Every structure is written in C-alpha cells, then in structure tokens.
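Right, one structure below, let's go through it.
Not measured: the values here are computed from a predicted model. Within every chain, numbering begins at 1; the chains are lettered A, B, ... in the order of the sequence lines, protein sequences first and strands thereafter.
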2 protein chains.
Amino acid sequence: MNLACETCPVRDRAACAVLNDGARDDLARSGRTRKLRRGDILFSRGEEDAACAMLVSGALKIATFDTEGNEHILALVHPSGFIGELFAPFATYDVVALTDSELCVFPRSEMLQALDENPKLAKALLRRTEEELRRSRKLLELSGRSSAIGRVASLIRGMADAASKTSCHMAQKFDLPLTRGEMANMLGLTIETVSRSLTRLEREGILRRNGVRGIELIDPAQLGLMG
Amino acid sequence: MNLACETCPVRDRAACAVLNDGARDDLARSGRTRKLRRGDILFSRGEEDAACAMLVSGALKIATFDTEGNEHILALVHPSGFIGELFAPFATYDVVALTDSELCVFPRSEMLQALDENPKLAKALLRRTEEELRRSRKLLELSGRSSAIGRVASLIRGMADAASKTSCHMAQKFDLPLTRGEMANMLGLTIETVSRSLTRLEREGILRRNGVRGIELIDPAQLGLMG
DNA sequence: CGATTGTTTGATCTTACTCAAGTCTCGTGG
DNA sequence: CCACGAGACTTGAGTAAGATCAAACAATCG
C-alpha cells in the first residue's frame with residue numbers, strides 16, 4: 001500500500017518530518033505501509049536485505065536469542081521511532097510486533113540514497129541513533145547494579161513515559177505492552193521475580209494492578225527511588 | 001596544538017578518513033590535539049559546551065555514577081573512535097583516560113557545520129554511532145543473563161580483539177587497560193567476583209596471568225563458550 | 001466448555017555479594 | 001638500596017538476593 005503522509009499521525013515527529021514536501025514525496029514513493037499483528041516478525045536476525053522502517057502506531061521489540069535459546073529484549077520501539085541498521089551487512093536483531101502495529105517500510109538502498117540527497121535527513125537519523133544509544137546505555141546502567149525491584153520500577157516508569165502523548169508528563173494509567181516473560185527478558189530477571197516485584201510495588205502502595213496488563217500509578221515519585 | 005593529519009596514525013580509520021583533503025584541512029583548522037594522562041577527565045557529565053573528539057592513541061572509558069556513588073562503565077573507546085554527543089544539550093557521561101592518550105578535539109559547532117557541508121561525514125558518523133549502539137547492546141545482552149565467569153570471559157575476549165591491530169585476529173598476549181575494579185564496574189560484578197573468575201579461567205587453562213595486568217590466551221576458543 | 005498460555009505464590013537452592021584478612025606491587029623518601 | 005606505605009589484588013567464610021522447581025490460579029480462545 002502506498003504511503004499517506006498527509007494523514008500520518010507521526011508526520012511531524014518521525015525522522016521524515018525534517019524533509020521538505022518534495023523530498024518527502026520522493027521518499028514516500030519508494031516506501032510501503034505495512035500492518036503487523038501481535039507476534040508478527042518485521043525483520044529476523046541474519047536477513048541480508050533487511051529494510052528499514054518508521055513506526056506509525058503500535059509497539060515493537062528488538063531482541064536476540066542467546067545460545068541457550070533465551071530471548072533477550074534489547075529495546076522497544078514506540079510510534080515515530082526508526083527501525084533498521086543502515087550499514088550492517090545483515091540484520092543483527094529480530095524485530096517483532098508487541099501489539100498490532102502500522103509502519104512505513106523503505107528499502108535500505110532508497111534510504112541510503114535519500115541520506116546523500118538530504119543532509120538534514122542524515123542529521124536527523126544521527127540524532128535518533130544517538131538517542132537510541134543513550135537509551136541503551138540507560139538500560140545497561142540499570143542492569144548493572146539495581147535490585148530486581150528497582151529494575152522493574154524503572155521499566156514501569158519508562159512505559160508510563162512512552163504511554164503518554166505529551167512529552168512532559170507520564171501517563172498515570174496505562175497498559176503494559178509486555179508480558180511478564182518479556183519484562184523478565186528485558187531486565188535480566190525471571191518471570192517469577194518480575195511478578196513478585198510487581199506484587200511488592202502494589203503492596204507498598206506505589207501502583208495498582210488492573211487485571212494482568214493494566215497499571216495505575218499511585219505514587220509515581222517513589223518509582224524512581226527504588227534501589 | 002594544531003593537528004598534524006599527515007602523520008596521524010589513524011588517519012585512514014577515523015571518521016575523518018571519508019573527507020577529501022580540502023574538507024579535512026578545513027575541519028583540522030578548527031581542531032586541536034590534546035594529551036591526557038591516565039585518570040585525566042576529557043568531558044564531565046553535565047558540561048554544557050562539551051566538545052567532540054577522535055581518539056588517536058590510548059584508551060578511554062565512558063562512565064556514569066549512580067545515586068550511591070558507584071561508577072558504572074558503559075563503554076570503552078579505542079584509537080580511531082569518535083567521542084561526543086552532537087545533539088545532547090549537555091554531556092550525559094564522564095569520559096576519562098584509562099591510559100595516557102592523544103586526541104583531536106573539535107568544538108561541537110564546527111563539527112555540526114562540517115556535517116552539513118559533508119554528507120559523507122554525516123554518513124560516517126551515523127555508521128559509527130550505529131556500531132556503538134550494537135556494542136552497547138552486546139554488553140546489555142551480556143549483563144542480562146550470563147554468569148560472572150561468562151561476562152569476564154567475554155570482556156577479555158573484547159580486549160583481545162581491541163588490542164590487536166589487524167581486524168581479523170585477536171591478540172594472544174596483551175595488557176588489560178582496566179583495573180579489577182573497573183572491570184567489575186563494567187560488568188555489574190564486584191571486584192572479588194572478577195578476581196575469582198580470572199583465577200578460575202587460569203586454573204582451567206584458558207589463560208595465563210602475567211603480573212596483574214598481563215593476559216596470555218592459551219585457549220581462546222574456550223573464552224567464547226563460558227556460560 | 002476444555003485447553004492452552006500466562007500469572008501468582010511458596011519452598012528450596014545457588015550464585016555472587018559482603019565482610020574480613022592477608023599478599024603483591026610500586027612509588028617515595030630515608 | 002632498602003624500608004615503608006598506599007593501592008590494588010587475592011582468598012576465605014558466611015549471607016542474601018534472586019533462580020529454580022513446583023503447584024495452583026486466572027485469562028483467553030477455539
């Protein structure tokens with residue numbers, strides 16, 4: 001399906017926002033929209049001709065499997081996020097839909113060419129990659145020393161931020177896009193430890209659980225203070 | 001001191017290698033070389049006007065301190081590496097010399113301008129940032145699940161790779177640029193655990209220690225196979 | 001409705017942390 | 001040159017946090 005930039009909900013937040021109309025139309029011609037259902041695979045590790053994409057709606061996970069077959073989630077992608085490794089000979093990670101999602105997909109060659117023709121686009125992608133690096137290092141810092149409950153608290157905090165539309169406040173009530181197992185894979189914990197941590201956060205009056213996925217923050221400030 | 005690109009040992013590996021002579025000379029005019037002794041600070045977290053730099057020789061660490069004052073090392077920088085956050089309002093990390101080092105330092109504004117004028121440079125930095133992101137995620141993967149000994153083994157492996165000049169083979173004999181404490185901070189372990197892991201790797205015949213810093217790999221293949 | 005998958009909770013075990021003591025290394029000054 | 005002291009490193013014993021194993025419970029889907 002062809003792109004419909006005019007009605008795109010992330011048109012002024014995604015990387016393509018830096019392009020002028022002409023350049024964006026050129027790029028749009030080489031792109032296609034794609035819809036994924038929860039669990040659908042966008043790219044798989046090892047693919048040689050992996051494309052790149054911008055997420056319009058939904059959520060994705062970027063993950064690998066270690067030698068014992070355990071999934072390890074390295075990052076999440078939220079709407080307006082860029083996905084793809086422009087310079088890798090083949091895809092390093094699996095990219096999978098966490099919820100039903102919509103994307104614009106572009107062949108890598110076209111994106112690389114657009115990069116040459118639009119220095120602004122190159123700069124925008126550099127900025128995004130820099131931010132992604134910061135996020136990755138944040139997670140790394142977290143994995144390094146925090147206690148289990150601190151990691152879970154921090155993940156919830158990040159989810160609350162991502163769930164809010166406005167960049168200043170975090171959502172106070174939202175649904176987790178991840179299963180307990182996925183949270184565990186992301187934080188380097190087990191399912192049981194994640195579950196116990198959530199139970200404890202609830203017992204301590206920091207949040208309330210609504211069903212299995214729903215979270216309501218009671219005391220957001222405390223979230224940041226958990227060891 | 002002014003730059004001497006002609007005699008630069010990393011002139012064909014660093015990001016500036018993609019520039020033609022004219023463009024490189026332009027950039028060189030705004031840069032200065034800087035020498036650091038072990039322990040010297042290049043940038044500190046929070047600096048508003050942090051510059052950016054290319055490492056010519058030596059080694060750096062990129063680190064933060066958590067709320068309890070523990071250092072957490074997020075990445076190492078080896079010769080030809082690029083250092084700096086072009087789009088952050090202030091520096092996110094401390095950057096400190098691990099050994100005596102030499103760098104070319106550029107004001108951020110000049111680098112951003114060079115980016116606009118040389119799409120190739122933007123592309124080169126994008127590629128580097130992408131690679132740095134991959135390295136960060138690799139470390140993240142490691143921190144997630146591996147046993148202590150697996151993490152230490154993997155760090156040693158990375159050091160061996162970095163210590164070799166040729167990109168194909170890893171060095172078989174080299175000196176660790178990190179103290180036990182720094183290794184611990186990087187891997188999310190304690191000094192004692194790192195020390196015990198090294199002892200065990202030696203006892204199992206995988207490596208030999210020469211003094212405190214020297215490492216000689218006996219069975220490099222085994223390094224990759226540790227839990 | 002049953003089956004499957006995901007979640008919670010409990011009991012036990014393992015790994016790495018903590019605390020403590022001793023050793024090695026290296027630089028400084030007598 | 002040696003003695004000393006400060007750091008860095010190693011090793012041991014006990015402890016704690018989270019993993020593992022196990023069982024019950026909830027949600028979802030055909």
(message) What's the separation between atom NZ in A/K138 and atom CD in A/E141, rounded to the nearest 0.5 Å?
(response) 7.0 Å
(message) Could you measure the distance from the CG atom of A/L139 to the CG atom of A/L74? Nearest 0.5 Å is fine.
(response) 8.0 Å
(request) Quickly work out the B/R38 CZ to D/dG7 P distance and round it to whole Å. (result) 14 Å
(request) Using side-chain contact (heavy atoms from CB on, under 4.5 Å) as the criterion, list what pairs up with A/S143, not counting sequence neighbours. (result) B/L140, B/S143
(request) Output the residues of residues 60-76 of chain B in contact with DNA chain D, where contact means a heavy atom of the residue under 4.0 Å from an atom of the strand; sort by number or write none. (result) none
(request) Take the protein atom CE of A/M226 and the nucleotide atom P of D/dA17, then report the distance between them rounded to whole Å. (result) 13 Å
(request) With DNA chain C as reference, determine whether A/R145 or A/R180 sits nearer its 5' end, using the nearest nucleotide of each. (result) A/R180
(request) Would you list the pairs meeting side chain to side chain donor-acceptor pair (under 3.5 Å) in which at least one residue belongs to residues 90-100 of chain A, sequence neighbours left out? (result) A/E85-A/T92
(request) Only one of A/I73, A/V152, A/L198 passes side-chain contact (heavy atoms from CB on, under 4.5 Å) with A/M183; say which it is. (result) A/L198
(message) Which residues pass the salt bridge (charged side-chain N to carboxylate O under 4.0 Å, His left out) test with B/E216, not counting sequence neighbours?
(response) B/R208
(request) Please list, chain by chain and in numerical order, all residues satisfying salt bridge (charged side-chain N to carboxylate O under 4.0 Å, His left out) with A/E132, sequence neighbours excluded. (result) A/R135, B/R137
(message) Let me confirm one number: the CG-OG distance from B/L189 to B/S195, rounded to the nearest 0.5 Å.
(response) 12.0 Å
(request) Would you jot down, in residue-number order, the residues of residues 187-215 of chain A having a non-hydrogen atom under 4.0 Å from DNA chain C? (result) A/I191, A/E192, A/S195, A/R196, A/T199, A/R209, A/V212
(request) Write down the distance between CG (B/D175) and P (C/dT25), rounded to a whole number of angstrom. (result) 14 Å
(message) If I take atom CZ in residue B/R37 and atom P in nucleotide C/dG27, what distance separates them, rounded to the nearest angstrom?
(response) 12 Å
